[in-house]
Amino acid sequence: MSDKNTVETSEAEIAVHWKEEEYYYPSPGFIAQANLTDESVFDRFSLENFPDYYTEFAELLTWYKYWDEVLDTSDAPCWKWFRGGQLNASYNCIDRHLAKNRNKTAIHFVPELEDEPVHHMTYQELYVRVNEFAALLKETAGLKRGDRVTIHMPMSAELPITMLACARLGVIHSVVFGGFSSSACADRVVDSNSRVLITMDAYYRAGKLLNHKAVDDEACELAEKDGQKVDKMLVWQRYPGKMSSDAPLVEGRDVVVNDELKKYYGARVEPEKMLSEEPLFLMYTSGTTGKPKGAQHGTGGYLAYVTAMSKYIQDIHPEDVYWCMADIGWITGHSFIVYGPLALCASTVIYEGVPTYPDAGRSWRIAQDLGVNIFHTAPTAIRALRKVGPDEPAKYDFHFKHMTTVGEPIEPEVWKWYEKEVGKGKAVIVDTYWQTETGGFLCSTVPGLQPMKPGSAGPGVPGIHPIIFDEDGNEIIKGAGKAGNICIQNPWPGCFQTIWGNRQRFVDTYFGMYNKDPNSKDWRDWPYLTGDAAVMSEDGYVRVLGRIDDVINVSGHRLGTKEIESAALTVPEVAEAAVVPVNHEVKGKEPELYVSLKPGYEASPELVQKVADAITFEIGKIAKCRNVWIVPDMPKTRSGKIMRRVLGAISNKGDVGNVMTLANPEIVEEIQKMVG
Ligand code: WT7
């Protein structure tokens, strides 16, 4: 545990004293059409009935062969769900819908430029294109079941096509968020041993055409230096000709997908019959070390879970037009743009660009024009939309029946604006609490059954049994008004299976704190540690307060403080680096960086810029720090530990507390003067 925990905990304690909010109730009209209104679900999904209740979720899918066992615990805590069952994710998201719905829109792709047409892709077209691209992956790239592939693509219709083609072949995809830098992409190529990288030439972001292929040329170079050669780069061309002069093709390595596909027109590829427990994808996420970890998600458990969550919590019906504003490069996009909605045969919207580009009404125009009726976004976007255009939603003719918020705590006043202005007082809201690792939701209200409470996620979703422990592993009972570590008592099918290539880190990070017997095969001995602090009120509703580890939640995305610090330390002049979270009006939190220099170097604006550039290079713009402060020394304990808690208090203009026990108390005032 680092001293940063103290920052989070003291914040947590304050937050506990927030006033409890009133309930909001779903309208009778919503309840009348909801997918889940039968209260007996809570009895059926009680701990006594675990794990068999999860077969209800698995039954939502089409299986080639049913499972031999619901939950295999023999390799605890690497659980195997629906062991022995066989299925294919691409078949479940496409083929099985064709008989009745081939002409239905699967994907509405909305380009950022408003003069480019929206592409309404039917299930039939998705089927054809996924098959053809799967043939290309197999023949041109030589990929087969179990291989890993890194996909570094912007938001586009071709991104889900690429993922589903991989799933069809049993190739494990690792999608890297398009905004990540070449270096971040290279790290993921190396860790997953991908010999194939799939990219796109270019895309628009805030009205600017970005050369994306050039980023991946650099990623290939960096990966090769690190021991992983990319021998094929598959390049989707969105704007043929526009960018090619800036990022020429590399002979023997680069394949232009658009041209190569001509060889495979009309090709059909049989879906692989995957074992339920075989991996579907990796999703890298930040943790407490300098390098992100690959969360490995399985096929049957994951797909069953996200399909059920899409049906019962998102309340998606096949006739709905559903828009989740997340990026597919994060877990939200995987589960709730691609796999969940498509498994339910819904129409899912993919928007390329910035929600407020070119003006504050853009999002609402998209909703109006496509007839979106289910809307899913993060508090950071809600705050931004509210800030730039609080009265914009009223100007457009759209009607949401259901809205989601995800990724970070939402302030009650922001929740209320969302409900009143965006939901126009008619939509239910679910505040869904979960993580990259958990595949799908942990806590949320069931929209047709449970009232909402602004600022609280809600109780565990059916089947999830949360518990709050104190540091010693004693349960903090609900209503006690005390924060603790939120854990999940039972395994669930959406949970990741392990950290790619590092089982020990998986066991230590997620189960180490509360497991008492590492040899136990009983799931009851392995509560899952989320890494969040939370309070549970009398009614069982959970309010998540924030991370207890070295992770900062920026705009609903996770950044590791160690990752940013490691990036700063690549600058030769830097001796020490410490990152602290500062509060931000729109992003929730923002990182702020303190560095000290090696002897003989002096602070200068150029050096500040050099450190900032190193962070953009190593991670991407998303890790941009509010400030880089070059300080004469870090506040330290007598044993030499950097006191991040003190730096955090300085950055947030809070109380630094008693600093007299530090090795260098005088530095605190000096830094305070500097930061102002
Ligand atoms: C962390 C996970 C889950 C998809 C997006 C983020 C925080 C997530 C909520 C919520 C309060 C939330 C937690 C969690 N978080 N949802 N509804 N209320 N906090 O995935 O990048 O893996 O981050 O986001 O701190 O641990 P992620």
Side-chain angles (χ1 to χ4, degrees), residues 5 8 11-12 15 18 175 177 180 282-288 292-295 297 305-306 309 313-314 324-337 339-340 376-383 403-412 414-415 418 429-445 452-461 464 466 483 485-488 494-496 499 509-510 528-536 541-561 563 581 587-589 622-623:
N5 295 341
E8 299 287 339
E11 244 174 49
W18 282 5
V175 179
F177 169 58
F180 272 135
L282 308 180
M283 168 60 63
Y284 282 82
T285 188
S286 298
T288 49
K293 51 196 172 183
H297 281 281
Y305 199 69
V306 299
M309 291 300 112
I313 307 296
Q314 302 280 264
C324 170
M325 240 195 211
D327 193 290
I328 295 175
W330 307 110
I331 191 74
T332 306
H334 277 50
S335 301
F336 298 113
I337 298 177
Y339 286 111
H376 186 155
T377 193
T380 188
I382 304 171
R383 290 185 212 110
M403 307 193 300
T404 299
T405 160
V406 60
E408 31 166 349
I410 183 164
E411 301 78 355
V414 178
W415 191 100
Y418 193 37
I429 298 180
V430 291
D431 179 345
T432 56
Y433 161 63
W434 57 298
Q435 309 176 303
T436 302
E437 295 88 335
T438 72
F441 307 143
L442 295 177
C443 295
S444 166
T445 48
M452 311 152 242
K453 203 161 71 175
S456 287
V461 296
I464 295 285
N485 295 329
I486 176 166
C487 294
I488 309 301
C495 190
F496 73 139
I499 293 173
T509 309
Y510 299 94
Y528 169 87
L529 179 75
T530 61
D532 284 305
V535 219
M536 198 188 281
Y541 280 45
V542 167
R543 191 143 48 81
V544 180
L545 305 171
R547 305 283 313 189
I548 55 166
D549 53 13
D550 300 316
V551 168
I552 309 184
N553 194 325
V554 182
S555 302
H557 302 311
R558 203 198 290 194
L559 286 174
T561 52
E563 267 174 74
K587 299 179 181 177
K589 300 260 188 251
I622 120 170

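All ligand and atom numbering here is 1-based and tracks the order in the structure.
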Calculate, to the nearest 0.5 Å, the distance between atoms [atom1] and [atom2] belonging to [X] and [Y] respectively.
| X | Y | atom1 | atom2 | answer |
| --- | --- | --- | --- | --- |
| T509 | L529 | OG1 | CG | 9.0 Å |
| T530 | N485 | OG1 | CG | 7.0 Å |
| M403 | I382 | CE | CD1 | 7.0 Å |

What are the atom names and distances for all N or O pairs under 3.5 Å between ligand 1 and the protein?
unit_1	atom_1	unit_2	atom_2	d
ligand 1	15 (N)	G407	O	3.1
ligand 1	16 (N)	G407	N	3.1
ligand 1	17 (N)	D431	OD1	2.7
ligand 1	17 (N)	T432	O	2.8
ligand 1	18 (N)	E408	O	3.4
ligand 1	22 (O)	T436	N	2.8
ligand 1	22 (O)	T436	OG1	2.6
ligand 1	22 (O)	R558	NE	3.4
ligand 1	22 (O)	R558	NH2	2.7
ligand 1	24 (O)	G407	O	3.2
ligand 1	24 (O)	N553	ND2	3.1
ligand 1	25 (O)	D532	OD1	2.6
ligand 1	25 (O)	D532	OD2	3.4
ligand 1	26 (O)	Q435	NE2	2.9
ligand 1	26 (O)	D532	OD1	3.3
ligand 1	26 (O)	D532	OD2	2.5
ligand 1	26 (O)	R547	NH1	2.8

*Side-chain heavy-atom pair V544, I486 within 4.5 angstrom cut-off*: no

*Looking only at non-hydrogen atoms, find the nearest pair between S335 and G439 and report the distance.*
OG-O, 2.7 Å

*Sequence-distant partners of T438, side chain to side chain contact (heavy atoms under 4.5 Å, CB included), two or more places apart*: W434, Q435, L442, W492, Y528

